[in-house]
Amino acid sequence: MRPAWKKFWLCASALAAVVAATGTPRAAPKRANELTLARLRPGRDTLATAKSFYGKRRRSIPPDDANVWTWQDECHKRSLRLEADGHGIIQVLTVAEEESRGDCRGPTGDPSAASSWKTGKGLALGDPRAKVVGLYGPPNSVSPSLRGTHELELLFYAFDWAGADVPQVMEVTCDHASGRVVEITLSSPSL
Amino acid sequence: MLGMSNHAYAGFWCKDYSEATMLERFGRFLETVPFSASHPGFTQLLIRAVGPAEAPLVDHDLRSVPLGAAEVVALAQEHLHSDCVYETRAHWDLWGYEPATGRWQMRAQPLDIYCHGEDYDDGVWQENGHLQADIGFEHLFTGHARLLGAREPHTPVVQHPAERAFLEAMTRPESLREYHEKTRENIRSLLYWMAKIEAAVPIDHSRLWSEGEENFEARMEEILAVR
């Protein structure tokens, strides 16, 4: 396991443990898990599948690590990042808003980007925070975060209740000021 | 009509079935579907993963542009995993009784087809088959209130005026004879399709069952045997 992932999972486990230890029993709120992000299933789909979906249509950043791929959609100012294991099976999927570094012309101007880079239940970048909770229920934890000068809010969802065969963690980052989603990460169980 | 909503199913267990072969088997199966003359093509493709409690991975509404078997398989290929089920809908023509006119009519009936990955829903394929078809209402193949077949008919508790009118119509021998004929034609359509499937797909074994009959196959044989 690479250090960054290990750290992430240690944090995730600690958060889940804290929530479990401090939670008070009451009526179960609505909850739902998630299987896909950008039409891909972490833990099941491969880099080859991702390339068949996106390889020809958006600019990919040549990877330093053969198991980490990023596609950029400069017209919509967003990126899709995949981390795979040694067998090429996607483990972590992230879609994020970012500053555009190129021009919006040619094949990068793919109109389907906005419609396909979202979760299976339809959560997309730019959606309001309320939609996150409406779709998935209250998060297991909420924590502040900072990116540059931007204040962010991280909504953490653990999906272990849905079984071992589904993605186990989803993180949704919202811009604190606007309350809009700026990043979504979905992770498989097998890290 | 009230009290006639049980469904009937056909299940097929294939030879050499795996993640690598299942969509090829599915494609061959779909090629045998006897499309309705008025509703050709597949009008939906829904793919689920893990189990029925999960939201579908994809739900293609194809009613505006129905697809053929190869195109459905090409769409399914994007999500090829042994823990997925691929559900598609077509229509086929079966005889049905029109209560309003008292006539029989060949009508397009929905035909839902499932291709089960072996890891989907804790191995539901073992019970329902690798390939499964919801062939529609049971009564289209067995008739209502055991009016058809060699045994004495049931005396059902009539709850709806349309049902009462139907049963009254069937007290006339010529009406009952026509009911037998049309139902036998439906059964023959089903058996002909099953034979086509078994010729096209490497099937280990198959089974027909329904929600209301203890032995659906035996009931159909009984109806076919009556002259």
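All of these numbers come straight from a predicted model, not from anything done at the bench.
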Write out all chain B-chain A donor-acceptor pairs shorter than 3.5 Å, or none if the list is empty.
| from | atom 1 | to | atom 2 | distance (Å) |
| --- | --- | --- | --- | --- |
| Glu54(B) | OE1 | Asn33(A) | ND2 | 2.9 |
| Glu54(B) | OE2 | Asn33(A) | ND2 | 3.1 |
| Glu78(B) | OE1 | Arg39(A) | NH2 | 2.7 |
| His81(B) | NE2 | Asp45(A) | OD1 | 2.6 |
| Asp83(B) | OD1 | Arg41(A) | NH1 | 2.9 |
| Asp83(B) | OD2 | Arg41(A) | NH2 | 2.7 |
| Asp83(B) | OD2 | Arg44(A) | NE | 3.4 |

Thr43(B) side chain to Ala90(B) backbone, donor-acceptor under 3.5 Å: no

Proximity of Tyr9(B) and Trp209(B) rings by center, below 6.0 Å: yes

Salt-bridge contact Arg146(B)-Glu213(B) (side-chain N to carboxylate O under 4.0 Å): yes

Electrostatic pair Glu185(B)-Arg188(B), nearest N-O below 4.0 angstrom: no

Set of salt bridge (Lys or Arg N to Asp or Glu O under 4.0 Å) partners for Arg63(B), sequence neighbours left out: Asp61(B)

Glu211(B) side chain to His7(B) backbone, donor-acceptor under 3.5 Å: yes

